[in-house]
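Below is one structure, written out as structure tokens; comments come after it.
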Amino acid sequence: SVVPSVVPSVVPSVVPSVVPFNAVSIKMHYRGIGWLGFGISTNKEKMIGSDAVIGIPRYPLSQINPGEYELNGKEVKLVEVKNVNQNLRNALIEAESQETTLTFTKTLGEGESSISDTGLNYFIWAVGAGQNLGYHAKRGSFSIDFSECKYFINGKNGIETCFSDDPNYTHQIDLTTDDVTINFKLITL
């Protein structure tokens, strides 16, 4: 069964309760058309050396679209699909009416990127200029402390994240200047 890891508090000064989790569900929405990528950064918000889930709306849905990729460099030829351990469930990329949405659930296990329920977690995201994988038109990074219900962009003061416009998720990041919204839910599979 699906159990949220963080239960948002009604009173902001109260830290939410935390339960064990072994997966994260993500919904990344872009107000435009393009490939979408989202990753857990292993190098404090840096792309190179991280793993990401990338969805390319032009291509048919498959085991590797959306799929997990290793980001070994900034050139497209260095963005390589992981040949083993595609630890994704319910992965989907959809594009229609000038909107693109990437959804997936990623298991977090041995040999995988991890997320902590306390302290800062670092994430990266990118949006392509079109429906073919290439250099990103928009990109960014942020960190979240799930226990404090705050996220940070470029080290700026924490912004409340224990809410979501989508009832299937518990946290939301609005990157309005980039037309991107990212929803999270830490879960137990």
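Only heavy atoms go into these numbers, but all of them, side chains included; no hydrogens, no water, no symmetry mates. The shown structure was predicted, so the numbers you read here are calculated from the model rather than taken from an experiment.
Glu99 pairs by the side-chain contact (heavy atoms from CB on, under 4.5 Å) definition with His29, Arg31, not counting sequence neighbours. Remark: Asn183 engages Ser164 in a side chain to side chain donor-acceptor pair (under 3.5 Å) (not counting sequence neighbours). Asp174 is linked by a salt bridge (charged side-chain N to carboxylate O under 4.0 Å, His left out) to nothing, counting only residues two or more places apart in sequence or in another chain. Under the ring pair (Phe, Tyr, Trp, His ring centres under 6.0 Å) criterion, Phe184 pairs with Phe38, Phe123, Phe146, sequence neighbours left out. For Tyr169, the ring pair (Phe, Tyr, Trp, His ring centres under 6.0 Å) criterion is met by no residue, not counting sequence neighbours. Scored by the side-chain contact (heavy atoms from CB on, under 4.5 Å) test, Ser97 finds no partners at all (sequence neighbours excluded). For Tyr59, the side chain to side chain donor-acceptor pair (under 3.5 Å) partners at least two apart in sequence or on another chain are Asn132. Every residue meeting the side chain to side chain donor-acceptor pair (under 3.5 Å) condition with Asp165, not counting sequence neighbours, appears here in chain and number order: Gln172.
When every heavy atom of Thr105 is checked against every heavy atom of Leu189, the shortest pair comes out as CG2-CD2, 4.4 Å. Counting all heavy atoms, side chain and backbone alike, Leu88 lies closest to Pro66 at CD1-O, 3.9 Å. Minimum heavy-atom separation, Gln86 to Glu68: OE1-N, 2.8 Å. Nearest approach of Ile33 to Tyr30, heavy atoms of both residues: N-CE2, 3.6 Å.
Annotation for Leu120: atom CG counts as buried by contact number, over 12 foreign heavy atoms lying within 6.0 Å.
Proximity of a side-chain donor or acceptor of Ser50 to a complementary backbone N or O of Lys46 within less than 3.5 Å is detected.
Considering only heavy atoms from C-beta on, Thr118 stays 4.5 Å or farther from Glu148 through its side chain.
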Atom pairs and distances, donor-acceptor, side-chain atoms in residues 74-81, under 3.5 Å, two or more places apart:
{"residue": "Glu80", "atom": "OE1", "partner": "Asn72", "partner atom": "ND2", "Å": "3.2"}

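Residue pairs meeting the salt bridge (Lys or Arg N to Asp or Glu O under 4.0 Å) criterion with at least one member in residues 118-129: none, sequence neighbours excluded. Each salt bridge (Lys or Arg N to Asp or Glu O under 4.0 Å) pair with one or both residues in residues 134-146, not counting sequence neighbours, appears once here: Lys138-Asp179.
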